[in-house]
Amino acid sequence: MGILIHLLEKRTFTSNYKSWILLRCRSIVIQIKKASSVCLPTTSAPECFNFSRRVTSIHKSVQFSQTRHPYGEMLANYGNNVFSWTSMISMNAQKGFNDRALSYFLQMRRAAVEPNETTFSVIIRVSCELSCADTGTSLHCLILKKGFFRQLFVASGLITMYSKCGYIEQARQIFDEMPDKDAVSWNAMIAAYSQEGLSLEALDLFSLMLKNGTDWKLMVNNFTLASSFKACAGLGYTKIGKSLHTNSIKLGLNSDIFVGGSTIDMYSKCGNLGMARRVFDQMKRRDLVTWNTMITGYSQNYCGEEAIELFYQMQLKGFLPNETTFACVLKASAAIPDSAAGRYFHAKTLRSGNSLYVYVGTALVDMYSKFFDMEDAEKAFGETKKNIVSFNALITGYSLVGRYEEALRAYAKLRSENMRPDRFTFTGLFSSCSLLAALIEGAQVHAHSIKFGLESNVSVGNSMLNFYAKCGLIDSAVETFESITMPNTISWAGIISGFAQNGEGEKAVEYFCKMHKLSEKIDEFSFSSVLKALANWAATGQGKQLHANVIKTGLETTIFVGSALVDMYSKCGMVEDSWKVFSKMPVKNVVSWNSMIVGYAQNGFDEKTLLLFQEMLDSGLTPTCITFIGVLFACSHAGLVEEGRNYYNLMVNSYGIPPSLEHCTCMVDILGRAGYLNEAETFVIKSPFPLEPGIWKSLLAACAIHKSFDIGIRAANHCLWLEPHDSATYVILSNIYASRQMWCEVTEIRELMKDMAIHKEPGYSWIDIRNKMQVFVAGDTSCYTEEVAEVLQIWLEHAKVGCYDCDHNIYSP
DNA sequence: GTAGGGTTAG
């Protein structure tokens, strides 16, 4: 160690360099000490490089002396000539034999041949390819010592080497301390930033380059543009991207294949698929990466069909898809979502021998999770290499179905393999705990997020906030919100909906106003997300206040906000207000129509629902699956059997919409309530959902109404088999037996319920007093404060027996 | 006979 310090003191290094290189050397020393067979060097300065030579030989197990090399013979001919050594090293490096290239370099040093700047240039790239920072640092020492640092080729090589090894700050330091810079050194540094995802830094440096350079036209070239486009893509900066595009055309650099590819990527990452496709179509020459970039553009923008179409076109043009292409089309299949296409591409991936790449494996895990097929997702995970991203894909998959125990088990596994979790890991873990409100587990995830310094990250924070709100710990949610370093619109929507969920309407509005003050302009998106939050929790008072704010901003009649208002009012039972907003909207899309149709249906306005549906068809719009949920719901409510059958057939046959569980349950309800119990039972069995408890419950309810014994027993058996802990089934079944005076069976069911500890779920009611929810359970008087008693008294005076008044905020679920 | 910088995929 003393020798190293001595070596460093002797040179004219800046102090920062010294301490950093010292640190790196120290790690080399520690590694050497760990490998007990190696002794520490003892004497002169050149030994510095010997450190890393030993380390490298340990790490890479290069057995140079025992291997015969094809170029080995040449050594005898060229002897101690630096050129012959250098070309030997270079030739091996070019063929990808990086270990061997390094061995030749070490041999050359041993033979006391002095390297020149070309040798360093080549060997830096070798250490970069091996991504061996220790070798690189030792080379850096040697370069400083031998005085080659001022050479442009050498210094730019070091910039790239450090950034590829993950030491971006060291790369910048070299860049800053370079006495002379040329286009390549600038480009190397800009590329280093954009490749590391430090897009802002990349663009800053780009503008510095424009200011600093004597003539920027001499400095900016196709390399600069490619990196800058990548930075714009990372930030979603359309404006800068567009101006770069214009300039690339002016400079005549747009025909470069890298510039073209990065332009396409920039436009598609900014969401402008039209421009991306135009650039793609206008390119004179395309390579595999160009095609992959365009396919990716489509699949990232949820245009799965177009992505797959391009995949076939690419092959018609004679391009052979590679692993990247397969990762893209798998993602496209997940985005549609089309599980048949996904499985087909999986098979193609296997056949083409591309299934072993970790990117492809992760795409498979992700795809199967999105199909809710965790069995195949786990299988794909088991067959792929493990890294943090593949683990994240698995964890996120579990979170989609709320399987937090498995998610946590995967987390424990990745920790046991010494992997470092990132923001995606924690986002997945929190949302896996949210669905079933797994409080203790989520709190542990919180602790771990602090351990890894990710608790104030905005995406981690948002999912943590959502988790606490779901668990009813609104104070913790607020704390989380406050600790997010840079809250975004989603963060605000999250905390506002958290308040709404927990019956704190006043707070929800307070935070909405806060958000209003902080950001200069509230956009459509934030309004509609807040309205949605309030709608789901039937917070009418707050919704009205928000509506007033919306009118002030003039956003009331826009599609998103208008539809959200329609939805909010109808969910709060104020369907006339929904209609007022709906009829005022100058432009409506299918979402707006759906909101109104479903709103009418859910509030019992069956005739209006069906009339509005006809109006929608007349206006030329194509109904969606949501539209038919409203229509069928109205039919079931109104007892319109024939109409229900017709609408169902219209949906499936004329519009090609596959029936969902909701549609089928509605149909069972329509048939069952009208007494067509045999038809209803057949419908359930033939439907795509014979294993869903909900659809059988619907049939069971109908059997209870019509006192249908045989079908009722069969339906109840299905319900018990699929959901053995649901108290409602036991109660209905016991009623069915009771209606036939089968008292033994009734007693048996009651006993069974006792044995299985199944209790009848109590009914809850709640009222809204000055924007605070007060929940009641039958028989519980602990919540009767004076204020509550007063409100209840007022309400009782106005209410008729057995009729709940929805317009005055009194609900009974 | 030898040398530095760029685009796509989870």
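Just so it is clear, the structure is predicted and the values come from calculations on it, not from any experiment. Reminder, nothing fancy here: chain letters follow the sequence lines and each chain counts from 1.
Across all strands, A:D256 comes closer than 4.0 Å to base atoms (heavy-atom distances). At a threshold of 4.0 angstrom between heavy atoms, the contacts of A:V122 are confined to the sugar-phosphate backbone, with no base atom among them. Within 4.0 Å (heavy atoms only), A:K181 reaches no atom of the nucleic acid at all. Across all strands, A:L158 comes closer than 4.0 Å to no nucleic acid atom at all (heavy-atom distances). Contact annotation for A:V358: base contact, defined as any heavy-atom pair under 4.0 Å involving a base atom. Using a 4.0 Å heavy-atom criterion, one finds that A:A363 contacts the sugar-phosphate atoms exclusively. Nucleic acid contact for A:N322: none, since no nucleic acid atom lies under 4.0 Å from a heavy atom of the residue. Using a 4.0 Å heavy-atom criterion, one finds that A:N116 contacts no nucleic acid atom at all. The residue A:K164 sits close only to the backbone: its heavy atoms come under 4.0 Å of sugar-phosphate atoms, none of a base. The residue A:S156 sits close to a base: some heavy atom pair falls under 4.0 Å.
Contact annotation: A:Q94 side-chain N/O to B:dT2 OP1/OP2 distance is not under 4.0 Å. Residue A:Q300 places at least one side-chain N or O closer than 4.0 Å to OP1 or OP2 of B:dA9. For A:K269 and B:dA9, the shortest distance from a side-chain N or O to OP1 or OP2 is below 4.0 Å. When the side-chain nitrogen and oxygen atoms of A:Q195 are compared with OP1 and OP2 of B:dG6, one or more of them lie within a distance under 4.0 Å.
The nucleotide whose nearest atom lies closest to any side-chain atom of A:R125 is, among B:dT8, B:dG10, B:dA3, B:dA3. With B:dT8, B:dT2, B:dA9 as the candidates, the nucleotide lying closest to the side chain of A:K230 is B:dT8. Checking B:dG10, B:dT7, B:dT2 against the side-chain heavy atoms of A:T118 singles out B:dT2 as nearest. In the set B:dT8, B:dG6, B:dG1, the nucleotide with an atom closest to the side chain of A:T293 is B:dT8. Here the nucleotide nearest the side chain of A:N222, chosen from B:dG10, B:dG6, B:dA9, is B:dG6. Out of B:dA3, B:dT8, B:dG10, the shortest distance to the side chain of A:K331 is found at B:dG10. If you check B:dG6, B:dG4, B:dG10 against the side chain of A:V184, the one that comes closest is B:dG4. The nucleotide whose nearest atom lies closest to any side-chain atom of A:V259 is, among B:dG10, B:dT2, B:dG6, B:dG6.
Using a cutoff of 4.0 Å between basic side-chain nitrogens and carboxylate oxygens, A:R172 and A:E196 are not scored as salt-bridged. A salt bridge links A:K413 with A:E417: the closest approach of a Lys/Arg side-chain nitrogen to an acidic carboxylate oxygen falls below 4.0 angstrom.
Rounding to whole angstrom units, CZ of residue A:F311 and C1' of B:dT8 are separated by 15 Å. Distance, A:L330 CG to B:dG10 P: 10 Å, rounded to whole Å. Between the CE atom of A:M314 and the C1' atom of B:dA9 there is a distance of 12 Å, rounded to whole Å. Here B:dT8 presents its C1' atom at 11 Å from CZ of A:F258, a figure rounded to the nearest Å. The distance between atom CE of A:M266 and atom P of B:dT8, rounded to the nearest whole Å, is 13 Å. For the pair A:F105 CZ and B:dA3 P, the interatomic distance rounds to 16 Å; values are reported in whole Å. Atom CG in A:N254 sits about 21 Å away from atom P in B:dG6, given to the nearest Å. Rounding to whole angstrom units, CD1 of residue A:I89 and C1' of B:dG1 are separated by 13 Å.
For the pair A:K181 and A:F175, the cation-pi criterion (under 6.0 Å, within 45° of the ring axis) is fulfilled.
Using the six-membered ring where Trp is involved, A:F452 and A:F426 have ring planes that are tilted, between 30° and 60° apart. Between A:F319 and A:W291, the ring-plane angle classifies as tilted under the 30° and 60° cut-offs.
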Residues A:T425, A:N392; criterion side chain to side chain donor-acceptor pair (under 3.5 Å); working and verdict: CA-CA 5 Å; A:T425 324; A:N392 286 349; 2.8 Å; yes
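Remark: side-chain polar atoms of A:S432 are paired, donor with acceptor, to backbone N or O of A:L429 under 3.5 angstrom.
In the interface, the side chain of A:N392 is not paired with the base of B:dG10 through any donor and acceptor atom under 3.5 Å apart.
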